[in-house]
Colleague: 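Attaching a single structure in structure tokens format; questions to follow.
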Amino acid sequence: MCTYSTDEQISELMRRKRIGVYVGIDPTAASLHLGHLLPLMPLYWMYMHGYRSITLIGGATAKVGDPTDRLQTRPDIRRADSTMYTTKIHYQLKRMWQNVDRQATRYGYRKEWAWNRELVNNSSWYNTTSFAEVVSRLFKKMRVGPMLARETVKRKMTEGDGVSLAEFVYPMMQAWDFWKMFSGPKGVRMQIGGSDQYGNITAGIDAVKLLRDTEPDVERKLPPDLLHTPVGFTVPLLTDSAGNKFGKSAGNAMWLDPFMTNSFDLYGYFMRRPDSEVEKLLKLFTFLPLERINKIMEEHNLDPSKRRAHHAVAFEVLALVHSFQEAQATQTRHKQMFSKDKPLLVTPLSTGELSSYPHRVTPASSSLALSFRPDIQLPESLILGKSISKILQAAGLAESANDAHRLVAHQGAYVGGAPGRTARTNEVMREGEITFQPVKSWFPADTKNFLIDGKILLLRRGKHFVRIVEMVSNEEWEASGRTYAGEPYKGRLRMLREQLIAANGGKNPSPPFSTEEVARVGELIARMEREGDNALEEADTSKPPEIKFPPERSRAAQLLDQYTRAQKLNPHITLSVKQKTAAIDKVLRDARQVLENKKMMRDKALAEASATINEKEIAPSPHEN
Ligand SMILES: Nc1ncnc2c1ncn2[C@@H]1O[C@H](COP(=O)(O)OP(=O)(O)OP(=O)(O)O)[C@@H](O)[C@H]1O
Ligand SMILES: N[C@@H](Cc1ccc(O)cc1)C(=O)O
């Protein structure tokens with residue numbers, strides 16, 4: 001770790017004052033990634049030791065884009081995307097903060113009054129600070145020479161596509177954030193970042209000192225002593241095997257969004273790390289005390305093939321990023337998959353997977369928040385033509401239209417827009433900032449007043465369940481073959497039934513699907529949603545599951561029963577008809593295989609039985625003669 005103040009100064013500052021500390025992240029992609037955890041871990045540690053800890057979303061800075069270590073200017077982000085990224089990252093950070101509390105309890109830390117955390121967005125001050133203020137307070141005093149001498153600026157100017165004025169002042173925007181939180185009640189004294197942020201953080205420290213020392217308002221002037229000294233530190237960068245920084249720009253990120261990198265793959269990433277790295281990873285990525293890490297390493301070294309240390313780090317990261325239950329479920333699946341006794345064909349649904357289905361909308365459940373897909377698409381005919389209750393239901397935020405009505409009546413649903421306004425008078429929220437107002441019943445035609453960039457609608461149930469709805473044209477929706485909850489003439493039951501029949505050559509399967517088969521369809525569809533068509537291939541390798549036939553009842557009643565179960569397992573299907581049919585087809589093939597095996601076995605058993613009978617008939621009985 002590298003500090004921009006001596007270690008002694010920093011220790012003394014932290015000993016004498018509960019300083020505020022922050023990590024900033026620009027929402028320039030739809031998710032955080034593993035690399036972000038590295039600066040966040042020391043922030044979390046400081047939180048657990050009573051320092052005011054702040055995660056800052058760079059809603060304003062993202063509009064410029066940090067040029068550090070880049071040769072090409074970042075492409076502009078469309079407003080709709082930037083709203084989506086900001087919202088998603090906001091809720092990811094929020095969920096991780098909740099998990100930090102849970103992990104801290106697991107490790108015996110007791111939450112105290114001093115534990116203080118905050119999630120802020122720099123748009124909140126950039127949208128109100130005047131340009132003249134920044135120019136006169138900061139730009140006027142900053143010297144261009146040292147800024148021009150920065151390696152990253154020189155390289156981009158000579159080897160890259162040049163440096164725009166906005167990019168040139170980017171470090172000053174970051175510095176202004178530092179100053180805002182340094183001089184205000186947050187009392188921020190420290191900024192943490194990856195080692196690529198060294199230049200920005202040191203530039204920030206210089207700027208904060210300058211702003212502190214040139215404060216014109218005597219009432220606000222802070223003394224230049226240790227307690228009012230900005231400091232910073234950087235953490236090493238997480239790199240891939242070729243030494244490239246892990247991140248969005250390099251295109252090698254392991255995303256923390258389970259829909260972008262599923263839990264199984266995230267776990268697998270840690271399982272594949274070389275033995276030489278794993279101890280370091282345990283120290284960087286977990287809250288395990290050092291003695292525990294030493295113990296784990298001792299046990300690991302006794303039999304490295306068991307990869308004990310790898311499992312430990314993978315488990316801890318998943319518990320922090322997703323949830324403890326998800327970590328447990330993924331670990332079980334991983335062990336089953338790679339255990340020496342052959343893998344199960346159907347890995348059990350994890351807690352997260354099971355709770356991902358909107359019929360379980362219970363805002364208190366954390367694992368639901370994990371698998372609750374925040375970004376979805378819905379057609380224009382719904383968004384612009386139907387009531388907000390219908391939209392809430394279709395977005396999976398309400399179980400039924402009635403539930404949605406109740407929700408709206410009790411002001412439990414929110415829509416992204418300017419606070420204090422109504423559907424009639426709403427103004428789109430300020431760029432880079434995410435604000436909500438309670439949903440009130442309004443005419444369907446008014447929903448358009450909440451559309452950001454003409455196509456994004458933000459909806460929220462309670463505090464945590466957010467949906468970023470992208471409105472697509474009706475043609476696109478039809479072509480995708482998707483359905484939404486409550487869509488007229490497209491009940492999932494009806495569609496699934498039609499597809500099952502279609503997959504069976506136009507006839508009702510005979511015998512009808514068993515409960516296990518229907519469950520498998522549901523599971524395969526859920527996995528395909530997350531993993532793509534690979535889910536089918538993976539499941540292909542071992543023997544099909546044992547199928548129990550349902551008791552004799554009317555075939556129609558049984559079918560209906562099974563479709564209902566399938567729907568419950570996965571009512572929010574966003575796969576195309578083709579993909580769903582493929583899943584069903586696969587289950588049918590397996591079922592046929594089982595039937596054939598059973599038939600073969602039955603034939604064999606019959607043949608053996610008849611041979612025995614024949615033998616009996618032929619062999620003379622001991623009593624004969
Ligand atoms: N691979 C990584 N290892 C360590 N820290 C990282 C890594 N990637 C990002 N960070 C840190 O996370 C913080 C926020 O980074 P941010 O998302 O704003 O940019 P970024 O991920 O570096 O983006 P890009 O890849 O587009 O440059 C910074 O402190 C940055 O140094
Ligand atoms: N510049 C940082 C993000 C950041 C933005 C604003 C800040 O105040 C701090 C950090 C990065 O791109 O990695």
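Remember, it's 1-based here, ligands and their atoms both numbered in the order they're listed.
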Colleague: Ignoring hydrogens and geometry, is there a side-chain-to-backbone donor-acceptor pair from R70 to Q72 under 3.5 Å?
Modeller: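 Side chain of R70 to backbone of Q72: a pair is present.
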
Colleague: Using a 4.0 Å cut-off to any heavy atom of I25, which atoms of ligand 1 qualify?
Modeller: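 Answer for ligand 1: 14 (C), 17 (O), 18 (O).
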
Colleague: Could you list the atoms of ligand 2 found under 4.0 angstrom from a heavy atom of T61?
Modeller: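 Listed by number with element, the hits are 5 (C), 6 (C).
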
Colleague: Could you tell me which atoms of ligand 1, counted from 1 in the order shown, lie closer than 4.0 angstrom to a heavy atom of P39?
Modeller: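 Within the 4.0 Å cut-off of P39, ligand 1 contributes 5 (N), 11 (C), 12 (O).
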
Colleague: Please identify which atoms of ligand 1 are closer than 4.0 Å to at least one heavy atom of H33.
Modeller: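 The list of qualifying atoms is 8 (N), 9 (C), 21 (O).
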
Colleague: Should I192 be counted as touching ligand 1, given the test is an N or O pair under 3.5 Å?
Modeller: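 Min N/O separation from ligand 1 is not below 3.5 Å for I192.
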
Colleague: Under 4.0 Å between a Lys/Arg side-chain N and an Asp/Glu carboxylate O for K306 and E299?
Modeller: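 Here K306 does not pair with E299 in a salt bridge, since their nearest N and O are not under 4.0 Å apart.
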
Colleague: Show the atoms of ligand 2 that are less than 4.0 angstrom away from any heavy atom in Y170.
Modeller: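 Under 4.0 Å from Y170, ligand 2 has these atoms: 1 (N), 2 (C), 3 (C), 4 (C), 5 (C), 12 (O).
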
Colleague: Where the side chain of D217 meets the backbone of E219, is there a donor-acceptor pair that is under 3.5 Å apart?
Modeller: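 Yes, D217 side chain to E219 backbone: donor-acceptor pair under 3.5 Å.
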
Colleague: When rounded to the nearest 0.5 angstrom, what distance separates OG1 in T229 from CZ in F182?
Modeller: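 Answer for the OG1-CZ pair, T229 versus F182, is 7.0 Å.
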
Colleague: Consider ligand 2: state whether an atom of it lies below 4.0 angstrom from any non-hydrogen atom of G24.
Modeller: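 So G24 counts as touching ligand 2.
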
Colleague: Which ligand 1 atoms are under 4.0 Å away from a heavy-atom of G24?
Modeller: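 Near G24, meaning under 4.0 Å from one of its heavy atoms, ligand 1 has 13 (C), 14 (C).
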
Colleague: Given 3.5 Å as the limit, does a donor-acceptor pair link the side chain of T234 with the main chain of S195, or not?
Modeller: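 A pair under 3.5 Å: no.
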
Colleague: Is it true that the side chains of D177 and Q191 contain a donor and an acceptor less than 3.5 Å apart?
Modeller: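 The answer is no; no qualifying pair exists.
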
Colleague: Do V134 and T129 come close enough that some side-chain heavy atom pair is under 4.5 Å?
Modeller: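 SC-SC contact between V134 and T129 confirmed.
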
Colleague: May I have the step-by-step check of ring pair (Phe, Tyr, Trp, His ring centres under 6.0 Å) for F465 and Y91, ending in yes or no?
Modeller: CA-CA 9 Å; F465 298 97; Y91 283 91; 9.4 Å; no

Colleague: Within ligand 1, which atoms have a heavy atom of P236 less than 4.0 Å away?
Modeller: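 So the answer, numbered in order with elements, is 4 (C).
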
Colleague: Does P230 offer a backbone N or O that forms a donor-acceptor pair with the side chain of R189 under 3.5 Å?
Modeller: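 Judged by distance alone, no pair lies under 3.5 Å.
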
Colleague: Applying a heavy-atom cut-off of 4.0 Å, say which part of Q191 lies close to ligand 2: side chain, backbone, both or neither.
Modeller: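 Q191 to ligand 2: side-chain contact only, backbone stays beyond 4.0 Å.
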
Colleague: Give the contacting part of F178 toward ligand 2: side chain, backbone, both or neither, where contact means a heavy-atom distance below 4.0 Å.
Modeller: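 It is neither; nothing of F178 touches ligand 2.
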
Colleague: Are F287 and M48 side-chain neighbours, meaning at least one heavy-atom pair lies under 4.5 Å?
Modeller: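 Yes, close enough: below the 4.5 Å cut-off.
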
Colleague: Looking only at distance, does F246 have an N or O less than 3.5 Å from an N or O of ligand 1?
Modeller: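 F246 vs ligand 1: N/O contact under 3.5 Å present.
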
Colleague: Please write down residue, atom name and distance for the protein heavy atom closest to atom 2 (C) of ligand 1.
Modeller: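 Looking only at protein heavy atoms, the one closest to atom 2 (C) of ligand 1 is G35 CA, 3.5 Å.
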
Colleague: Nearest protein heavy-atom contact for atom 2 (C) of ligand 2: which residue, which atom, what distance?
Modeller: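 Checked against all protein heavy atoms, atom 2 (C) of ligand 2 sits closest to Q197 OE1, 3.3 Å.
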
Colleague: W115 vs Y109 aromatic rings, parallel, tilted or perpendicular, using cut-offs 30° and 60°?
Modeller: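 Tilted.
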
Colleague: Below 4.0 angstrom from a heavy atom of Q197, which ligand 1 atoms are there? Numbered from 1 as shown, please.
Modeller: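 Listed by number with element: 28 (C), 29 (O), 31 (O).
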
Colleague: Answer side chain, backbone, both or neither: which part of S195 comes under 4.0 Å from ligand 1, heavy atoms only.
Modeller: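 For S195, there is no contact with ligand 1 at all, from either part.
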
Colleague: So does E326 pair up with R333, basic N to acidic O under 4.0 Å?
Modeller: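 Salt bridge between E326 and R333, a charged N being under 4.0 Å from a carboxylate O: no.
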
Colleague: Counting from 1, what ligand 1 atoms have a heavy atom of G193 closer than 4.0 Å?
Modeller: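 So the atoms of ligand 1 that pass are 29 (O).
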
Colleague: Between D196 and ligand 1, which part of the residue brings a heavy atom under 4.0 Å of the ligand: side chain, backbone, both or neither?
Modeller: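 Looking at D196 and ligand 1, just side chain atoms fall under 4.0 Å.
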
Colleague: Test your reading of the structure: does Q174 have an N or O sitting under 3.5 Å from an N or O of ligand 2?
Modeller: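 Yes, at least one N or O pair falls under 3.5 Å.
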
Colleague: Give me the residue, atom name and distance of the protein heavy atom closest to atom 6 (C) of ligand 2.
Modeller: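 Among all protein heavy atoms, the one nearest atom 6 (C) of ligand 2 is D177 OD2, 3.3 Å.
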
Colleague: Examine the proximity of ligand 2 to L56 and report which part, side chain or backbone, both or neither, has a heavy atom under 4.0 Å away.
Modeller: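 Within the 4.0 Å criterion, L56 contacts ligand 2 through side-chain atoms alone.
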
Colleague: Do me a favour and list the nearest non-hydrogen protein atom to atom 12 (O) of ligand 2 with residue, atom name and distance?
Modeller: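 Here the closest protein heavy atom is D66 OD2, 3.2 Å.
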
Colleague: Contact between M181 and W176 at the side-chain level, heavy atoms closer than 4.5 Å - yes or no?
Modeller: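 Side chain of M181 against side chain of W176, heavy atoms only: no contact under 4.5 Å found.
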
